[in-house]
Student: 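Would you mind keeping the following structure in view while I ask a few things?
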Amino acid sequence: PAALPPAPLGFTDVSLNSRNTYEVSRRRSAPEHLPHGGTAPAEPAPPPQEPAERARHRVGIAGAGSSFAEFFTRNFFTKRTKELKPAVQSAPGWKLFGKVPPRENLPKDSKIIQQEYEARTGRMYKPPPSSARRKNIEFEPLSTTALILEDRPANLPAKSVEEALRHRQEYDEMVAEAKKREIKEAHKRKKIMRERFKQEENIASAMVIWVNEILPNWEGMRATRRVRELWWQGLPPSVRGKVWSLAVGNELNITPELYEIFLSRAKERWKSFSETSSENDTEDAGASVADREASLELIKLDISRTFPSLYIFQKGGPYHDLLHSVLGAYTCYRPDVGYVQGMSFIAAVLILNLEEADAFIAFANLLNKPCQLAFFRVDHSMMLKYFAAFEVFFEENLPKLFLHFKSYSLTPDIYLIDWIFTLYSKSLPLDLACRVWDVFCRDGEEFLFRTGLGILRLYEDILLQMDFIHIAQFLTKLPEDITSEKLFSCIAAIQMQNSNKKWAQVFASLMKDNKEGDKNHSPASKS
Amino acid sequence: MGSAEEDYNFVFKVVLIGESGVGKTNLLSRFTRNEFNHDSRTTIGVEFSTRTILVGDAVVKAQIWDTAGLERYRAITSAYYRGAVGALVVFDITKHQTYDVVDRWLKELYDHAEASIVVMLVGNKTDLAQAREVPMEEAKMFADNNGLLFVETSALDSTNVEEAFETILKEIFYKVQKQKQRSSQSNMVSLASENPASTAPAQAERRPCCVAL
C-alpha cells in the first residue's frame, strides 16, 4: 500500500474518554503486534515512543513493506473491516489462488479499487470494536491479486509455446512458494492471536474472581496463597485502583472531606500568592513562605514534565488540574514533607487509576511508608541503608555483575534514585510499571528492590559488556521494548533471601550497624 | 567496543548544575543529540550523556552528568561532583531567582569538587529575550569577578550551545596539558585520566571517571 498516514498521537484519542484508558489502549493495540517472520524485509527498529503509539507504528511499518507479511497485514485488517464494509470481500475483483483460472484476467474496475482502498485506509481511522476480533480467529489462507499470470497484450506478438509453458511453470512455483509462506505466517499469527485471547480471557476471568470473591472478603482472602498467586499475574485494570487502595490502606484516616479542606486551603494559597507575590509578611516567617511558594512554582513546572507523551497532564490536558490539586493539597497536608520531584509521577499514576479523593488518600498513605518517607524527605543516611541492603541481595543474586559494577565504582544510587522515587513509573513503560505497583502493593518496599534486581538480571549479559558510562546511561534510560513477561520471569528468579535472612532482617541489621558505626564516621548529611 | 567513538585520548567528566527548570537537560540533548524537547521529563537523580569532540589533534570524550536541580536533592547530587573536571552552572535569564542562587550552587560545587575544576556560568533561554530578567552585563561581571567562563545560550534555537561545551572542554584540555608538563617531572596525578587509545584502550575504559586529585 501507499505510505500510510503517520501514526496519530496514539494515546490522546483514546485516553480522553475514561480512566484506565492507557490500559484500554494497550490491550487494544496489543493484537497488532504482528509477526514479520522470515519473509519480511529487515525493518528499522521502531523509534522510542509510548507503547500504544509504538504498536500502531509497527503496523504502519508492516503495511509499508512489500512482502507477504504486508499482504497479510492488509488482509487481516480487511477481514476486520468486513463487518463495516461487507461489499469488499464479495467483490468480484478478489481472486483466490487455485480458484480463479489465471487466464481469466478480469480488469479491476475503479469502484473495486476504491473499495479496497477504503478498506485499507479505513482501518487506520476506525479500529473495529474489540468484540469484532474474537470472531475472526479462524484461519483462511488468502492471497494477493498482484500475482497473476497474464498473456501479452493483444498488440504484441504472442508468446511461443515453450515460453508460455516455462512461464506457467515458474508461475506455479512462485504461487506454491507464496502459499507456503502465507500458511506459515498465518499459523504464526493465529498462535499469537490465540495467546492474546487467552490472556484477555484470563484477565476477564480474573476480574470476575476479584470482583465476586476476593474484594467482598478482602481481609480474609488477601493473604491466601491463591489470591497472592493471582495477584502476581497482574491486576485486571478495572479492579486495579480498588485493590491498590485496599492494599495501601488508610492508616492516616484521611476522608474525602479532609481532602476537600486541604484542597481549598491550597487554592487559597495559590490565590494569595498570585495576588501578593512580592509581600512575604503573611502569617509565617518570610523564608518558609518563599519556600512554599517555590514549592508551588515547582509543582507547576513539574506537572507539564510528568508523562509528557501522554498529553493529559499538560496545561489544557484533561488531568492537569487534577494532578495540580492532589499535589497542592498534599503540600498543605504535609508541609513537613512538601513537594519533592518524583511525587508528580506517583500522583499521576494514581489519578489514572482512582477517583480524585481516593487518589489523594492512596497518595498520602503511600508516601507515609517508611521507604517512601525516607526518600521523599531525602534522608540521605536512610537512603544509603536502603542502597546497602539492595547491594546485599545484588551480590547474592548476581555476583558476577555485582563485581563488574564494583570494578567501576558504580554505586546503586545512580540508577536506584530514579527508580525508587518514581516507583518505576518514569523508567518503565506505564503498563509494566503498573504491574510492578501491583506486586509492590502486595509485598511492600522489598519488591521495589527486587524489581531493580530483576531489571539488572534481565540485562545482565549486556551490562557485563559495558563500561561505567554505558551502564549508567543504559540504566538511567532503559530500553522501551522491555516486556512484562521477560521482566517478571527475571524478577521471579531473584531470591530475596540472604543466608536465611529476609529483606526486613537484612535492613534491620544494617540499621543496627548504623547506630554502632556512627561515632566512627563523619555524620552523613541528614535532612 | 572498537567504534570510532571509543577511540579517544581523554575523558572529561563535566557536571551540569543549576535550579530546576533552567534547561539543563535540553542543553545537554542539544549538544549530544541535537535535540530539543519542549516537554522533557523531570530529571530525578542524575542522567548521563557523552559526546566526543576534537581539540587540536586530541580526541576528547565529554562524559556529562546531568543532575536534578531540586534543592532537596543536593545532598545526593553533590556526591556526583567528585571527580568532575568541569561544571556548567546554568541559570534561566528570564528568572532572576535562578541567577540569585548561583552563589549557592558555586559554594556547593567547590565544597565537593576539586579546586582546579573549570567552571562556566551559562545563562540559558536567550530565545526568550523579551522576558529577560538578568542583564547580560551583570552576569558577565559576576563571572569575571569569580573567575568563571561565561556564555549565554539557547537550547531551543541552538545559539551558543556547541560553543559553550567546546569552550569549556578546550579550557579543561589546556589545563590538563599544562599540568601534565609540570607533572612529567614531579609525577603528580593529572587532572584527567588519560587514555592513549593506541596502547591500552581497554585499561582506560576501565576507569572512565576522572582521577580525583
Side-chain angles (χ1 to χ4, degrees), chain A residues 290-291 294-295 297-298 300-309 311 313-314 337-342 344-345 375-381 383-384 407-411 413-422 426-427 465-477 524-527, chain B residues 1 5-6 11 13 19-22 25-26 32 37-51 61-80 82-83 92 95 97-98 100-101 111-112 193 195 201-210 212:
Chain A
D291 272 1
S295 190
E297 277 280 301
L298 201 61
K300 239 190 269 166
L301 174 73
D302 270 0
I303 284 176
S304 65
R305 304 197 292 175
T306 304
F307 299 123
S309 53
Y311 296 104
F313 296 106
Q314 282 59 46
V337 182
Y339 174 74
V340 180
Q341 286 180 337
S344 64
F345 285 87
F375 274 73
F376 281 108
R377 281 184 162 153
V378 198
D379 181 340
H380 203 191
S381 65
M383 286 165 72
L384 289 175
S407 74
Y408 289 118
S409 321
L410 197 143
T411 48
D413 52 297
I414 282 181
Y415 46 93
L416 277 185
I417 283 176
D418 180 272
W419 294 354
I420 304 297
F421 264 107
T422 63
K426 184 169 162 258
S427 31
Q465 308 295 316
M466 293 183 180
D467 65 357
F468 175 89
I469 190 70
H470 290 98
I471 297 170
Q473 268 181 290
F474 185 91
L475 292 179
T476 51
K477 204 167 206 172
S525 43
K526 281 202 162 189
S527 63
Chain B
M1 293 229 159
E5 207 247 331
E6 296 305 319
V11 186
K13 172 175 168 180
E19 289 294 281
S20 214
V22 297
T25 301
N26 268 319
T32 57
N37 194 344
H38 276 282
D39 302 302
S40 74
R41 300 184 302 178
T42 311
T43 305
I44 293 170
V46 58
E47 290 174 13
F48 303 84
S49 233
T50 60
R51 197 180 136 183
K61 182 171 178 177
Q63 184 188 94
I64 303 156
W65 296 44
D66 174 22
T67 62
L70 185 69
E71 157 117 31
R72 278 226 244 155
Y73 281 165
R74 279 194 213 171
I76 312 164
T77 51
S78 57
Y80 299 140
R82 215 168 48 121
D92 175 354
K95 287 208 177 85
Q97 178 268 334
T98 64
D100 294 336
V101 293
D111 279 353
H112 294 87
S193 67
N195 173 22
Q203 205 199 345
E205 278 283 52
R206 195 143 262 286
R207 195 56 233 193
C209 285
C210 305

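Every chain is numbered from 1, with letters handed out A, B, ... down the list of sequences.
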Student: Using non-hydrogen atoms and a 4.5 Å limit, figure out which bit of B:Ser49 sits close to chain A: side chain, backbone, both or neither.
Tutor: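 When you check distances to chain A, atoms from both the backbone and side chain of B:Ser49 fall under 4.5 Å.
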
Student: How close do B:Val46 and A:Thr476 get, heavy atom to heavy atom, and via which atoms?
Tutor: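 The pair with the smallest heavy-atom distance is O-CG2, 3.4 Å.
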
Student: Considering non-hydrogen atoms only, spot the tightest contact between A:Lys426 and B:Thr43 and give its length.
Tutor: NZ-CA, 4.4 Å

Student: Measure the CD-CG distance between A:Gln341 and B:Leu70 for me, rounded to the nearest 0.5 Å.
Tutor: 4.5 Å

Student: Based on non-hydrogen pairs under 4.5 Å, which of A:Thr306, A:Thr411, A:Ile414 is most in contact with chain B?
Tutor: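 Ranked by heavy-atom pairs under 4.5 Å with chain B, first place is A:Ile414.
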
Student: What part of A:Phe376 gets closer than 4.5 Å to chain B, counting heavy atoms only: side chain, backbone, both or neither?
Tutor: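 Just its backbone gets close to chain B.
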
Student: Looking only at heavy atoms, which two atoms of A:Val378 and B:Arg72 are closest? And how far apart?
Tutor: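 Taking every non-hydrogen atom into account, CG1-O, 3.1 Å.
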
Student: Is there a side-chain contact between A:Ile417 and B:Tyr73, using heavy atoms and a 4.5 Å cut-off?
Tutor: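 With C-beta onward as the side chain, the pair stays apart.
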
Student: Pick one of side chain, backbone, both or neither for A:Leu301, based on which atoms fall under 4.5 Å of a heavy atom in chain B.
Tutor: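 Interface part for A:Leu301: side chain.
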
Student: Rounded to the nearest 0.5 Å, what's the gap from NE2 on B:His38 to OG on A:Ser304? Could you check?
Tutor: 12.0 Å

Student: How many angstroms lie between atom CD of A:Gln473 and atom CD of B:Gln63, to the nearest 0.5 angstrom?
Tutor: 8.5 Å

Student: Side-chain contact, heavy-atom cut-off 4.5 Å: B:Ile76 with A:Phe375?
Tutor: no

Student: How far does OG of A:Ser344 sit from CZ of B:Arg41, to the nearest 0.5 angstrom?
Tutor: 11.0 Å

Student: Please report the interatomic distance OG1(B:Thr25) to CZ(A:Arg305), rounded to the nearest 0.5 Å.
Tutor: 7.0 Å

Student: Measuring heavy-atom distances to chain B, does A:Phe307 have an atom under 4.5 Å in its side chain, in its backbone, in both, or in neither?
Tutor: neither

Student: So A:Phe468 and B:Phe48, would you call those rings parallel, tilted or perpendicular, with 30° and 60° as cut-offs?
Tutor: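 Ring orientation of A:Phe468 relative to B:Phe48: perpendicular.
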
Student: How close do B:Ile44 and A:Gly342 get, counting heavy atoms only, and between which atoms?
Tutor: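 Nearest heavy atoms, B:Ile44 then A:Gly342: CD1-CA, 3.5 Å.
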
Student: Given that the side chain runs from C-beta out, which part of A:Lys477 has a heavy atom under 4.5 Å from chain B: side chain, backbone, both or neither?
Tutor: side chain

